[in-house]
Novice: 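The structure is given below, and queries will be raised subsequently.
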Protein chains: 2
Amino acid sequence: MNTEERIKKQKQLIETMGQHYEKEGMQPVAGRTLALLMVMDKEEFTFDEIVEELQISKSSASVALKLLQVKNIVEYKTHPGDRKRYFRIKRQEPFLLIDDFKQKLTRDKQILEEIIELKADPNSENSQFMKNLISIMEFFLDHFEKLKEEFLKKD
Amino acid sequence: MNTEERIKKQKQLIETMGQHYEKEGMQPVAGRTLALLMVMDKEEFTFDEIVEELQISKSSASVALKLLQVKNIVEYKTHPGDRKRYFRIKRQEPFLLIDDFKQKLTRDKQILEEIIELKADPNSENSQFMKNLISIMEFFLDHFEKLKEEFLKKD
DNA sequence: TATTTAGTTCGGAACAAAGTAAACTAAAAA
DNA sequence: TTTTTAGTTTACTTTGTTCCGAACTAAATA
């Protein structure tokens with residue numbers, strides 16, 4: 001695959017990833033901005049480069065970049081004697097995806113527990129079904145930390 | 001806690017859960033409908049009962065229930081000689097939440113792999129960071145089935 | 001056959017979200 | 001001090017979502 005072809009595929013991938021992030025609730029421009037920073041070979045983009053690459057207005061870029069920074073996904077560096085900001089993806093805690101799922105499980109479990117607490121009959125079919133779900137959630141929550149340790153030991 | 005108080009708390013919980021499902025991308029009425037079927041003591045609601053409980057129009061109820069059925073979260077039974085549909089939450093595969101996360105991990109991993117494939121330098125900082133993420137994803141994907149088996153053996 | 005019941009579908013109003021252009025700000029350069 | 005640079009904020013437009021009422025359909029009952 002030659003360079004031109006690769007770059008074309010990278011730009012297609014940015015569009016695909018943008019749609020992927022949209023499905024996860026991210027704003028279209030924010031999703032494409034994040035994808036740009038992940039996909040392209042260049043690892044640092046200035047504000048104007050992002051505006052130029054994605055063909056968006058400065059205001060959209062400003063809003064999207066602010067959002068990505070608040071979400072802790074993107075950061076910028078500055079270089080002395082250069083007023084431009086160099087944006088790049090933030091190298092996050094690598095277990096972040098797992099920890100996010102743990103948090104979701106924890107929250108969902110809390111809700112189920114609150115439902116059970118308010119049931120007139122804690123042995124109704126729905127109650128029993130939910131109790132089973134809760135026990136699965138607890139089991140996985142308990143074992144995630146062990147899996148993390150195992151992963152780190154493995155090499 | 002007396003019955004009246006309990007029912008009041010159940011209705012509050014429906015609102016809270018509705019907002020929770022909205023954040024996950026569900027339509028407001030659909031989220032509240034699902035919450036109603038999960039929270040209340042009654043385990044089967046007719047169309048009219050749902051309209052009445054949630055104070056919504058028949059059209060909203062119709063759209064929300066169709067969505068929940070397409071998503072495979074809610075189902076209905078009918079009783080012979082009774083044209084009404086009795087809606088209830090579907091007792092799904094209890095590992096569904098885990099399997100959904102597995103699917104998300106799988107999809108996210110695919111995207112990262114595609115990014116790496118298109119990189120000019122597969123050892124750039126971003127590439128290395130993403131490769132580490134991929135190896136974590138693979139590790140967890142591999143171990144989820146074992147955890148499921150362990151959970152089932154446990155009792 | 002006419003009416004009632006149990007929902008579905010259509011059309012539109014109200015509101016929210018996402019993007020733009022243009023005005024603005026704050027810091028650096030001339 | 002004035003101008004330029006690098007973005008931010010504001011006001012507005014476009015687009016999309018969500019809901020409702022009213023008209024409709026299909027099956028059962030009278």
Side-chain angles (χ1 to χ4, degrees), chain A residues 14-15 17-37 42 44-71 73-88 90, chain B residues 14-37 42 44-71 73-90:
Chain A
I14 289 172
E15 181 57 27
M17 284 178 68
Q19 288 178 20
H20 176 75
Y21 287 127
E22 265 188 81
K23 275 180 207 144
E24 291 190 352
M26 202 175 267
Q27 299 168 4
V29 171
R32 271 125 189 112
T33 303
L34 176 55
L36 180 76
L37 297 179
K42 198 199 311 230
E44 291 183 344
F45 282 78
T46 67
F47 187 90
D48 284 329
E49 284 169 345
I50 293 168
V51 164
E52 175 57 27
E53 278 287 343
L54 298 179
Q55 295 287 333
I56 53 178
S57 66
K58 289 204 295 172
S59 51
S60 297
S62 179
V63 169
L65 284 166
K66 175 158 283 169
L67 180 86
L68 291 169
Q69 288 170 84
V70 167
K71 285 201 181 183
I73 304 171
V74 159
E75 62 184 359
Y76 68 84
K77 278 198 314 194
T78 50
H79 302 295
D82 181 356
R83 227 157 10 113
K84 287 197 180 77
R85 289 169 193 181
Y86 292 82
F87 293 93
R88 62 172 185 185
K90 191 163 177 175
Chain B
I14 289 173
E15 181 56 27
T16 306
M17 284 179 68
Q19 289 176 20
H20 175 75
Y21 287 127
E22 265 188 81
K23 275 180 207 145
E24 291 193 351
M26 204 176 266
Q27 299 169 3
V29 172
R32 271 123 189 116
T33 304
L34 176 55
L36 179 77
L37 297 179
K42 196 202 309 233
E44 292 182 345
F45 282 79
T46 66
F47 187 90
D48 284 328
E49 283 168 347
I50 293 169
V51 164
E52 175 58 27
E53 278 288 344
L54 298 178
Q55 295 289 332
I56 54 178
S57 66
K58 290 204 296 169
S59 53
S60 297
S62 177
V63 170
L65 284 166
K66 175 159 282 170
L67 181 86
L68 291 169
Q69 289 170 82
V70 166
K71 285 202 179 182
I73 305 170
V74 159
E75 63 185 357
Y76 67 83
K77 278 198 312 193
T78 50
H79 301 294
D82 181 354
R83 238 178 339 133
K84 287 197 181 77
R85 291 170 191 181
Y86 292 83
F87 293 93
R88 60 172 187 185
I89 53 166
K90 191 162 175 175

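We use all heavy atoms of the structure for the numbers below, so side chains are in, but hydrogens, waters and symmetry mates are not. All chains are named by letter (A, B, ...) in the order of the sequence lines, taking the proteins before the strands, and each is independently numbered beginning at 1.
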Novice: Find which nucleotide of DNA chain C each of S60(B) and D48(B) is nearest to by heavy atoms, and output the residue with the more 5' nucleotide.
Specialist: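 Residue closer to the 5' terminus by nearest nucleotide: D48(B).
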Novice: Take the protein atom CG of L67(B) and the nucleotide atom C1' of dT8(C), then report the distance between them rounded to whole Å.
Specialist: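 Computing the L67(B):CG to dT8(C):C1' distance gives 15 Å.
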Novice: Base, sugar-phosphate, or nothing for L65(A), non-hydrogen atoms under 4.0 angstrom?
Specialist: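 Touches nothing.
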Novice: What's the closest nucleotide to the side chain of R85(B) if the choices are dT8(D), dA21(C), dT8(C)?
Specialist: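 So the nucleotide nearest the side chain must be dT8(C).
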Novice: Restricting to non-hydrogen atoms, name the atom on M17(A) and the atom on A35(A) that form the minimum distance, rounded to 0.1 Å.
Specialist: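 Minimum heavy-atom contact is CB-CB, 3.7 Å.
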Novice: Minimum heavy-atom separation for K84(A) to T78(A), with atom names?
Specialist: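 Looks like O-CG2, 3.8 Å.
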Novice: Please state whether the base of dA27(D) and the side chain of R83(B) form at least one donor-acceptor pair under 3.5 Å?
Specialist: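 Answer is yes: a donor-acceptor pair is held.
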Novice: Using atom NE2 of H79(A) as one end and atom P of dA6(D) as the other, report the distance to the nearest whole Å.
Specialist: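 In whole Å, dA6(D) P and H79(A) NE2 are 13 Å from each other.
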Novice: Between P on dA6(D) and NZ on K66(A), what's the gap in Å once rounded to a whole number?
Specialist: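 Taking atom P of dA6(D) as the reference, NZ of K66(A) is at 18 Å.
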Novice: State which of dT20(C), dG7(D), dC19(D) makes the closest approach to the side chain of K84(A).
Specialist: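 Among dT20(C), dG7(D), dC19(D), the one nearest the side chain of K84(A) is dG7(D).
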Novice: For a quick check, tell me whether the side chain of S59(B) and the base of dG21(D) share a donor-acceptor pair closer than 3.5 Å.
Specialist: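 Side chain to base: pair present.
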Novice: Using a heavy-atom cut-off of 4.0 Å across all strands, would you classify V29(A) as base, sugar-phosphate, or nothing?
Specialist: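 Result for V29(A) = sugar-phosphate.
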Novice: Reckon K58(A) touches a base, only the sugar-phosphate, or nothing at all at heavy-atom distances under 4.0 Å?
Specialist: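 Base, at least one base atom sits under 4.0 Å.
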Novice: Using whole Å, report how far CD of Q27(A) lies from C1' of dA16(C).
Specialist: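 Those two atoms, CD and C1', are 12 Å apart.
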Novice: Just the rounded figure in Å: distance from C1' of dG7(D) to OH of Y86(A).
Specialist: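 In whole Å, dG7(D) C1' and Y86(A) OH are 14 Å from each other.
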Novice: Rounding to an integer number of Å, can you tell me how far D82(B) CG sits from dA6(C) P?
Specialist: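 Interatomic distance, CG of D82(B) to P of dA6(C): 8 Å.
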Novice: Could you tell me the separation between the CD1 atom of I56(B) and the C1' atom of dT18(D), rounded to a whole number of Å?
Specialist: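 In whole Å, dT18(D) C1' and I56(B) CD1 are 12 Å from each other.
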Novice: Of the non-hydrogen atoms in E75(B) and I89(B), which two are nearest, and what is the gap between them?
Specialist: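 Smallest interatomic distance, heavy atoms only, reads OE2-O, 4.4 Å.
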Novice: Nearest whole Å is fine: how far is dC19(D) C1' from Q55(B) CD?
Specialist: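 So the two atoms are 15 Å apart, to the nearest Å.
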Novice: Could you tell me whether the side chain of T33(A) and the main chain of V29(A) form a donor-acceptor pair under 3.5 Å?
Specialist: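 A pair under 3.5 Å: yes.
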Novice: Assert yes or no for the condition that the ring centre distance of F87(A) to Y76(A) is strictly below 6.0 Å.
Specialist: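 Between F87(A) and Y76(A), the centre distance is under 6.0 Å.
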